Amino acid sequence: MSNFKYKRNQLYCEGVNIKQIAESAGTPVYIYSYQSLVDKYKELSQAFASLKPLICFSVKANSNLTICRILTQQGAGLDIVSGGELYRVAKIKADPKKIVFAGVGKTEEEIRQAIKTKILLINAESEQEVEEINKIAGELGRNVPVGLRINPDISGGGHHYIQTAKKEDKFGISLERAKEIFLKREKFPHLNICGIHFHLGSQIATSQPFARALKKVISLTKQLRKNGIKLNYLDIGGGFFGSANKFAQAILPLIKGLGAKLILEPGRFLTAESGILLAKVLYIKERKDGKRFIIVDAGMNDFIRPSLYNAYHEIIPVVRKPQTANRKPQTDIVGPVCESGDFFAKDRKLPLVKIGDFLAVMDAGAYGFAMTSNYNSRPRPAEILVKKDKFYLICEREVYKDLIRREKIINE
Ligand code: LLP
């Protein structure tokens with residue numbers, strides 16, 4: 001059940017009228033529903049309840065401290081990809097024993113930081129990285145739990161930019177190489193190589209790619225078991241997007257009896273539908289042939305998914321006007337950035353709006369704010385959390401000063 005709904009033709013998030021937020025916080029602004037986050041977490045954990053997996057929210061999808069905190073309060077762990085994310089999640093006092101760390105290019109400093117924090121698992125993506133972790137673990141006098149991220153050579157997911165598990169992709173280690181590393185694990189005395197990880201891509205709506213990857217992994221684990229190697233963790237990454245129940249029904253039978261703790265790394269699943277981006281209509285240009293451009297005050301720097309992946313996001317008016325509901329001219333919704341790629345919708349039939357109206361870009365809670373930039377020297381938007389009939393500023397809008405804070409004028 002969505003927590004963004006019309007009541008008497010006004011869009012609400014939980015018990016708060018969105019227009020009220022727009023008027024008090026300004027636009028562009030991201031708005032998140034507390035209840036949606038909690039509901040999505042529960043939906044997933046209930047679907048997988050029989051295995052009690054560790055659900056590690058993929059921080060890259062939405063790294064706002066409050067959002068991460070809401071999920072960890074529900075019991076979530078965290079999937080991180082950088083020292084910066086580790087720094088963030090330390091600020092919310094996340095339990096290190098529920099943190100997993102993936103990433104194809106971890107620096108020595110990041111590895112050191114992760115080891116010192118005593119996180120649950122570092123998922124290594126190459127043999128050299130395994131060697132590097134072993135070296136640093138030795139220096140720090142630690143024994144470090146490590147998973148191998150395998151590349152199962154499987155396609156899945158939406159845009160090719162977000163597929164990650166074909167052998168052409170930079171991610172992970174082939175199954176054969178992974179097996180070799182497991183077999184020579186004595187060469188890495190400071191590691192406990194005890195997990196297998198994969199991540200197939202993003203926006204995967206069916207369970208088939210997971211089933212195919214799991215079959216490959218299960219065959220590997222059987223071979224390992226014959227060699228006396230037992231896995232503690234099976235981390236099947238994120239990327240799934242759809243019915244948690246269907247996903248769980250397809251996956252659970254394959255995993256039961258494996259004896260390893262299941263780890264999931266959902267990003268989009270937990271946060272996408274929990275957030276919207278709100279923008280204000282600045283201008284409306286109508287071409288003689290009837291085509292319309294609605295220019296809004298949010299740009300590709302505020303939300304890049306349509307520009308970058310040609311992603312479809314529903315766009316709806318904050319105030320619905322039933323009397324004009326049948327008139328829907330062909331429309332592009334575009335931003336103020338100096339690029340033709342700066343659009344939120346192309347050639348869509350959208351209702352009539354006027355200058356000053358607010359529009360909501362739906363399903364913007366994952367990879368929305370997280371991928372903002374200052375392109376065109378545009379300050380980043382604010383973020384608001386709604387809980388029942390109250391709303392809270394969880395990230396201030398940037399101001400011009402923020403744009404130049406770290407710059408120096410050199411007069412040589
Ligand atoms: N685990 C790993 C190792 C990942 O690389 C990712 C996402 C996830 C989990 C979470 O995937 P999710 O459940 O959110 O699909 N910027 C793109 C998505 C890139 C995803 C990168 N890795 C987008 O806006 O669609």
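Since the structure is predicted, the reported quantities are computational estimates derived from the model, not experimental observations. Whatever order the structure lists ligands and atoms in, that order sets their numbers, starting from 1.
Annotation: G201 places no N or O atom under 3.5 Å from an N or O atom of ligand 1; distance criterion only. On a distance-only criterion, A102 and ligand 1 share no N/O pair closer than 3.5 Å. Of the N or O atoms in R149, none lie within a sub-3.5 Å distance of an N or O in ligand 1.
Classification of the F344-F303 ring pair by plane angle, with boundaries at 30° and 60°, yields tilted.
When non-hydrogen atoms are compared, ligand 1 lies under 4.0 Å from the side chain of S58 (C-beta onward) but not from its backbone. At a heavy-atom cutoff of 4.0 Å, ligand 1 is contacted by both the backbone and the side chain of R268. Heavy atoms of R305 found under 4.0 angstrom from ligand 1 belong exclusively to the side chain.
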Show the numbers, then the answer: is there a side chain to side chain donor-acceptor pair (under 3.5 Å) between N151 and D169? CA-CA 8 Å; N151 181 323; D169 299 322; 5.5 Å; no

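What you find for F188 and N134 is that their closest heavy atoms are C-OD1, 3.3 Å.
Residue G239 places a heavy atom under 4.0 Å from ligand 1. At a 4.0 Å cut-off, at least one heavy atom of Y309 sits close enough to ligand 1 to count as contact.
Distances below 4.0 Å separate heavy atoms of D79 from the following atoms of ligand 1: 1 (N), 2 (C), 9 (C).
Checked by atom type and distance alone, the side chain of D297 never pairs as donor or acceptor with a backbone atom of V281 at under 3.5 Å. Looking only at distances, no side-chain donor or acceptor of T271 sits under 3.5 Å from a matching main-chain atom of S274.
Taking the charged nitrogens against the carboxylate oxygens, R405 and D402 do have a contact shorter than 4.0 Å, which makes a salt bridge. Remark: D95 does not engage K98 in a salt bridge, criterion side-chain N to carboxylate O under 4.0 Å.
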